[in-house]
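First comes the structure, then the notes that go with it.
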Amino acid sequence: MNRFNNVRPYQKMVTDVSEYRYGNMSWDERFYLSLIKDLCFGEIVSYNINGHHTDFVMKLLLELSIYRMTVIG
């Protein structure tokens with residue numbers, strides 16, 4: 001049994017935050033990538049790239065929740 005199978009989009013979502021450095025960036029210079037994946041269809045529904053890791057994942061989830069309430073119901 002796969003407990004993540006569901007028939008309604010935006011019902012179950014997961015997120016991951018990855019930290020990156022590139023080029024000549026020092027250890028203190030980083031950027032963060034956050035992806036949100038809908039488990040219904042297995043697709044990425046939103047992402048954010050930011051220089052600070054605080055609160056930007058919650059902002060994405062809030063935006064998706066508002067979208068779900070207004071469009072899907």
- request: State, to 0.1 Å, how close Gly51 and Tyr32 come at their nearest heavy-atom pair, and which atoms those are.
  value: O-CE1, 3.8 Å
Those residues that, when tested against Phe31, pass ring pair (Phe, Tyr, Trp, His ring centres under 6.0 Å) (two or more places apart): Tyr20, Tyr22
field: Nearest heavy atoms of Asp38 and Met13, plus distance in Å
entry: CA-CG, 4.1 Å
N/O donor-acceptor pair under 3.5 Å between Thr15 side chain and Leu35 backbone: yes
message: I'd like to know if the side chain of Asn48 pairs up with that of Ser46 as donor and acceptor (distance under 3.5 Å, no hydrogens or angles considered).
response: no
query: Taking only residues two or more places apart in sequence or in another chain, which ones pass salt bridge (Lys or Arg N to Asp or Glu O under 4.0 Å) with Arg21?
result: none
